[in-house]
Amino acid sequence: MFNLFMTFLKIGLCSIGGGYAIIPMIQQQVVLTQGWISEKVFTDIITISQMTPGPLAVNTSTFVGIQIAGIPGAIVATVGCILCGILISTLLYEFFKKYKHSKYIFEILKSLKATSLGLIVSAAFTILLLTFFGTSTLNSSVHGDLLAMLVFGAALFLLRKYKVNPIVMMSLCGVIGLFIYI
């Protein structure tokens, strides 16, 4: 339990940029470093975390904690994940209130936004690889899931072109997945 708490405390401490930006670090810690869950379980947890109310990183820590140690694990992982965020947010609020007109602070924030975007794109790439190829790394022996690619393409098209409600789209794709993979 202590190791679980410390892992998510570290994740929470480094979760600059929000939930999507922290996905690669969570994957690194819980799948690769600790070996607590498989890549497939991790992908499933990310999917469920996106569909449940609340911040992605917190939901993910809760679901990983449940997988590892049940309800006590969920509590420990969640507290570890949010503790640093609460403390850092409080300190940053006071700092930015004091220096809100500084051009240096503005430039620092621009740089942090760009870094955050890079982390989000990295997370998206990892999820795409896991969804389409079943692995987070590509090699010559990996074959893609054409049906998953088609569902993705259709969903992306409908979301961008016709602004379909994301909840409706997730429900529709879930039903399609049910019929495709039966």
Side-chain angles (χ1 to χ4, degrees), residues 1-34 36-96 109 112-113 115-131 136 148 151-152 155-156 158-160 163-178:
M1 293 296 263
F2 179 75
N3 194 18
L4 181 63
F5 176 79
M6 291 307 293
T7 297
F8 278 98
L9 186 70
K10 183 178 5 174
I11 289 168
L13 179 62
C14 298
S15 64
I16 295 170
Y20 292 104
I22 200 64
I23 289 173
M25 184 177 185
I26 296 172
Q27 179 188 23
Q28 173 70 35
Q29 290 297 312
V30 302
V31 176
L32 303 174
T33 302
Q34 301 293 339
W36 287 329
I37 58 175
S38 68
E39 281 188 355
K40 177 168 182 356
V41 170
F42 180 74
T43 304
D44 293 343
I45 286 173
I46 294 298
T47 302
I48 293 167
S49 295
Q50 290 174 346
M51 295 186 309
T52 53
L56 181 69
V58 175
N59 292 346
T60 302
S61 65
T62 304
F63 289 125
V64 169
I66 285 173
Q67 288 287 318
I68 296 166
I71 299 297
I75 293 168
V76 165
T78 303
V79 169
C81 185
I82 66 171
L83 187 61
C84 288
I86 292 168
L87 296 173
I88 291 171
S89 294
T90 303
L91 293 172
L92 285 174
Y93 169 75
E94 293 300 325
F95 178 80
F96 285 123
L109 288 175
L112 289 174
K113 287 178 194 175
T115 303
S116 180
L117 177 61
L119 292 168
I120 291 168
V121 170
S122 173
F125 189 68
T126 298
I127 292 170
L128 282 171
L129 288 174
L130 287 168
T131 301
S136 61
V151 170
F152 167 78
L156 183 62
L158 291 171
L159 286 165
R160 301 299 298 169
K163 309 291 187 230
V164 175
N165 182 304
I167 295 171
V168 171
M169 183 57 61
M170 298 251 337
S171 300
L172 178 63
C173 289
V175 170
I176 290 169
L178 180 66

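Below, each value reflects all heavy atoms present in this structure, side chains not excepted, and no hydrogens, waters or symmetry copies. All values derive from a computational prediction rather than experimental measurement.
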Strictly by salt bridge (charged side-chain N to carboxylate O under 4.0 Å, His left out), give each pair with a member in residues 83-95 just once, sequence neighbours left out. Glu94-Lys97
Less than 4.5 Å apart, any side-chain heavy atom of Phe63 and any of Ile46? no
Go through it in stages, so that I can follow the logic: the residues are Leu83 and Phe8, the test is side chain to side chain contact (heavy atoms under 4.5 Å, CB included), and I'd like the CA-CA distance, side-chain angles, deciding distance and then a yes or no. CA-CA 9 Å; Leu83 187 61; Phe8 278 98; over 6 Å; no
Measure the shortest side-chain to side-chain distance between Val64 and Ile45 over non-hydrogen atoms and say whether it is less than 4.5 angstrom. yes
Check the surroundings of atom CG in Leu178: do more than 12 heavy atoms from other residues, nucleotides or ligands lie under 6.0 Å from it? yes
Mind listing the closest non-hydrogen atom pair of Ile23 and Phe42 along with its distance? O-CZ, 3.7 Å
Taking salt bridge (Lys or Arg N to Asp or Glu O under 4.0 Å) as the test, write out the residues that go with Lys40, two or more places apart. Asp44
Using a 3.5 Å cut-off and no angle test, enumerate the donor-acceptor pairs between side-chain atoms of residues 72-81 and protein atoms at least two apart in sequence or in another chain.
| from | atom 1 | to | atom 2 | distance (Å) |
| --- | --- | --- | --- | --- |
| Thr78 | OG1 | Thr62 | OG1 | 2.5 |
| Thr78 | OG1 | Ala74 | O | 2.7 |

Hey, could you give me each pair passing salt bridge (charged side-chain N to carboxylate O under 4.0 Å, His left out) that has a residue in residues 46-64? Not counting sequence neighbours. none
Below 4.5 Å, heavy atoms only, C-beta onward: do Trp36 and Asn3 meet side chain to side chain? yes
In sequence, state the C-alpha distance, the side-chain angles, and the governing distance for Leu128 and Phe152, and then conclude on side chain to side chain contact (heavy atoms under 4.5 Å, CB included). CA-CA 9 Å; Leu128 282 171; Phe152 167 78; 4.0 Å; yes
Can you name the residues that form a side chain to side chain donor-acceptor pair (under 3.5 Å) with Ser49, not counting sequence neighbours? Thr60
Using the test side-chain contact (heavy atoms from CB on, under 4.5 Å), find all partners of Met169 that sit at least two apart in sequence or belong to another chain. Ala155, Leu158, Leu159, Val164, Cys173
Pairwise distance OG1(Thr47) to CD(Gln50) - rounded to 0.5 angstrom: 6.0 Å
Out of curiosity, Gln34 CD to Gln29 CD, how far, rounded to the nearest 0.5 Å? 6.5 Å
Which heavy-atom pair separates Gly54 from Asn59 by the least distance, and what is that distance? O-ND2, 3.3 Å
Side-chain touch Thr126/Thr43, heavy atoms, less than 4.5 angstrom: no
Step through the shown structure and confirm whether more than 12 heavy atoms of other residues, nucleotides or ligands are within 6.0 Å of CZ on Phe96. yes
Within this structure, what is the CE-CG distance for the pair Met25 and Leu119, rounded to the nearest 0.5 Å? 10.5 Å
Using a 4.5 Å cut-off on heavy atoms from C-beta on, say whether the side chain of Ile120 contacts that of Phe125. no
Under a 3.5 Å distance rule, please check whether Ser61 uses its side chain to pair with a backbone N or O of Val58 as donor and acceptor. yes
Worked check of side chain to side chain contact (heavy atoms under 4.5 Å, CB included) between Gln27 and Thr33: CA-CA 9 Å; Gln27 179 188 23; Thr33 302; over 6 Å; no
To the nearest 0.5 Å, what is the distance between CD1 on Ile48 and CG on Leu56? 12.0 Å
Taking the side chain as everything from C-beta on, heavy atoms only, tell me whether Met6 gets closer than 4.5 Å to Ile11. no
